[in-house]
Amino acid sequence: MALRSSCRLSEAVREEEHWLACPECDLLHRPPLLAAGEEACCRRCGGVLARHRPDHLKRCLSLTLAAALLFAMANVSPLLMLRLGGRETSMTLLEGALELGQHGLWDVVVLVVLTSVLFPLLHFSALLYVLLPLSFGHCVPGAALWFRAAELFSPWGMIGVYMLGVMVAVVKLADLATVTPGIATYALGGLVFCSTAAGHALDGADVWRRIGVMTLHESRCKAGLIRCHACGLVTRAPEKHPCPRCRAPLHRRKPRSLQRTWTLTLAAAILYVPANLYPIMTVTRLGQGEPNTILSGVIALIEEDMWPLAMIVFMASVVVPLGKIMILIYLLVSVQRGHDGRFKERMILYRLMETFGHWSMVDIFLVTILASLVKMGTLATIEPEIGVSFFGAVVILTLFAARAFDPRLIWDRADDHDRG
């Protein structure tokens with residue numbers, strides 16, 4: 001087994017030792033002996049198998065409590081204040097989303113509220129419900145279900161992307177008016193730091209062990225073992241039965257992974273066209289203005305010598321979603337045609353897609369902030385347009401498509417190749 005530091009594999013195989021199955025390629029490993037701060041990686045694809053985070057419960061709990069308090073401040077305090085020609089407007093995080101409803105874009109309202117308010121709230125609540133009693137040595141009823149929920153909601157809470165949208169909005173509005181960050185802006189910055197640090201400190205595998213340790217008897221024959229996609233338990237329970245530990249349905253591979261991924265990817269590719277052809281917002285200054293598409297907005301930023309901002313918007317709004325669609329199609333075709341090479345390279349593409357895919361939401365958050373803040377009649381007004389709905393649909397469809405794709409399908413062919 002490949003290790004990121006000088007940790008050793010357990011040489012003695014106990015009668016009741018657990019197996020570790022790589023979540024990305026499904027290769028079985030024996031549990032390593034890890035020192036504090038060490039990580040164990042899959043010897044085939046390089047995916048992280050195990051971490052040793054000493055005293056992780058207390059550190060994660062402290063950071064999560066701080067994040068929850070900052071989250072409350074970020075939702076009740078003003079986010080940004082705009083002053084122009086003696087007039088002043090301000091907005092909160094929730095007001096920014098609801099403003100889009102005044103323009104009939106309720107689909108975007110739901111998307112923004114879910115990713116910036118509801119999912120982070122559910123994530124923090126579920127974590128605190130599980131971790132607070134565990135830190136005192138107790139396991140609350142339904143802990144497995146709530147911890148599953150915390151891990152499910154975690155990638156859909158996009159506070160970090162929203163913070164980037166706030167920063168882009170401040171830079172974009174600097175030449176138009178005087179922009180003053182509110183208390184919520186600083187709370188969001190602290191929230192991003194605390195939530196990221198909490199996620200890094202948490203040892204999810206150890207939490208699952210504390211919730212319900214399941215002992216498996218090792219056999220010479222490893223056939224029939226199945227890894228729970230939710231808690232990582234390797235068990236001999238039948239497929240489609242509930243996991244003995246977290247009660248999630250067991251599947252050797254994600255059900256209908258290729259069909260669902262193809263459907264979502266093709267839908268995203270189709271909607272990507274109107275998302276770029278239709279305007280996403282109209283900027284009016286002193287009674288004059290015109291609708292802006294994604295590309296025309298980037299060009300306008302370049303003409304105003306805002307090259308760094310233009311590159312951020314271009315990467316997040318054009319390169320990332322288009323690249324994600326192309327990577328998904330390549331992975332789907334390579335799996336269906338049975339390509340038996342470049343396994344690690346394809347795995348790298350999958351990880352890049354998973355890591356950067358959600359950053360496309362920055363354009364949605366940017367339009368939300370600008371439309372809520374800049375509404376000063378004839379002086380300056382920014383209105384959202386139908387293009388933002390199409391673009392939001394593209395972002396969500398590609399996120400669902402990436403979740404539907406099972407990376408272990410790439411490595412199934414590697415098993416056949418190794419046996420041949």
Side-chain angles (χ1 to χ4, degrees), residues 93-94 96-120 152-153 155-162 164-165 168 256-282 291-298 312-332 353-372 382-405:
L93 196 151
L94 192 58
L98 296 178
E99 176 64 26
L100 298 180
Q102 303 297 321
H103 302 272
L105 300 175
W106 287 104
D107 53 337
V108 185
V109 172
V110 172
L111 175 60
V112 174
V113 171
L114 287 177
T115 54
S116 62
V117 180
L118 185 59
F119 287 153
L152 176 65
F153 292 130
W156 294 99
M158 303 183 187
I159 295 297
V161 185
Y162 195 98
L164 178 60
V168 173
R256 301 181 302 280
S257 173
L258 295 180
Q259 296 93 322
R260 291 188 294 122
T261 308
W262 267 120
T263 302
L264 293 165
T265 302
L266 291 178
I270 293 170
L271 292 177
Y272 185 74
V273 177
N276 282 272
L277 293 179
Y278 285 106
I280 62 169
M281 63 180 177
T282 298
N292 284 330
T293 63
I294 294 174
L295 285 178
S296 66
V298 172
I312 291 175
V313 175
F314 180 75
M315 291 295 295
S317 305
V318 179
V319 175
V320 171
L322 183 60
K324 197 169 183 180
I325 292 172
M326 295 176 65
I327 289 174
L328 281 167
I329 292 175
Y330 169 69
L331 292 177
L332 288 166
M353 177 181 64
E354 280 284 89
T355 302
F356 296 105
H358 65 287
W359 287 97
S360 297
M361 278 293 295
V362 68
D363 226 17
I364 306 295
F365 292 142
L366 177 61
V367 173
T368 301
I369 296 168
L370 294 178
S372 176
I382 295 180
E383 297 183 356
E385 301 289 351
I386 190 63
V388 74
S389 291
F390 286 107
F391 187 74
V394 171
V395 174
I396 293 303
L397 286 171
T398 54
L399 288 173
F400 276 116
R403 295 282 170 181
F405 181 77

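Numbers for residues simply follow the sequence, beginning at 1. These numbers were taken from a predicted model, which means no experiment stands behind them.
Taking both residues in full, the closest heavy atoms of Ser317 and Ile294 are given as CB-CG2, 3.6 Å, listed atom of the first, atom of the second, then distance. Among all heavy-atom pairs drawn from Val362 and Ala316, the shortest one is CG1-CB, 3.2 Å. Between Gly357 and Lys324, the shortest heavy-atom contact is CA-NZ, 3.6 Å. Heavy-atom minimum distance, Ser389 versus Leu105: OG-CD2, 3.3 Å. Considering every non-hydrogen atom in both Val394 and Ala275, the closest pair reads CG2-CB, 4.3 Å. Taking each heavy atom of Val112 and Ala97 in turn, the nearest pair found is CG1-CB, 3.7 Å.
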Q) Is there a side chain to side chain contact (heavy atoms under 4.5 Å, CB included) between Leu94 and Val113 once you walk through the steps? A) CA-CA 7 Å; Leu94 192 58; Val113 171; 4.1 Å; yes
Q: With side chain to side chain contact (heavy atoms under 4.5 Å, CB included) as the test, would you mind laying out the steps for Leu111 and Asp107 before giving the verdict?
A: CA-CA 6 Å; Leu111 175 60; Asp107 53 337; over 6 Å; no
Q) Between Met158 and Leu399, does a side chain to side chain contact (heavy atoms under 4.5 Å, CB included) hold up when you go through it step by step? A) CA-CA 12 Å; Met158 303 183 187; Leu399 288 173; 3.5 Å; yes
Q | Candidate pair Phe390 and Leu277, rule side chain to side chain contact (heavy atoms under 4.5 Å, CB included), full reasoning | A | CA-CA 10 Å; Phe390 286 107; Leu277 293 179; over 6 Å; no
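The side-chain heavy atoms of Val161 and Phe365, taken from C-beta on, include a pair separated by under 4.5 Å. Looking at Leu93 and Ser116, their side chains come closer than 4.5 Å, going by heavy atoms from C-beta outward. Between Leu366 and Met281 there is no side-chain heavy-atom pair separated by less than 4.5 Å. Residues Val388 and Ile364 have side chains in contact (heavy-atom distance under 4.5 Å, counting atoms from C-beta outward). Side chains of Val367 and Glu385 form no contact here, defined as non-hydrogen atoms less than 4.5 Å apart. Taking the side chain as every heavy atom from C-beta outward, Leu100 and Trp106 never approach each other to under 4.5 Å. By the 4.5 Å heavy-atom criterion applied to side chains, Thr115 and Tyr162 are not counted as neighbours. Looking only at side-chain heavy atoms (C-beta outward), Phe405 and Thr265 stay at 4.5 Å or farther from each other.
With rounding to the nearest 0.5 Å, the separation of CD1 in Ile280 from CG in Leu295 is 10.0 Å. Here the CZ atom belonging to Phe391 is positioned 10.5 Å from the CD1 atom belonging to Ile396, to the nearest 0.5 angstrom. Rounding to the nearest 0.5 Å gives a distance of 10.0 Å between OG1 of Thr282 and NE2 of His103. Atoms CE and CG, on Met326 and Leu328 in that order, are 11.5 Å from each other to the nearest 0.5 Å. One finds the CG atom of Leu266 at 6.5 Å from the CD1 atom of Ile270 (value rounded to the nearest 0.5 Å). Rounding to the nearest 0.5 Å places CG of Leu152 at 8.0 Å from CZ of Arg403.
The main-chain N or O of Ile369 is never found under 3.5 Å from a side-chain atom of Ser372 such that the two would form a donor-acceptor pair. One N or O on the side chain of Ser257 and one on the backbone of Ala404 form a donor-acceptor pair closer than 3.5 Å. Between the Thr263 side chain and the Gln259 main chain, a donor and an acceptor come within less than 3.5 Å of each other.
Aromatic ring orientation, Phe400 versus Trp156: tilted (interplanar angle from 30° to 60°).
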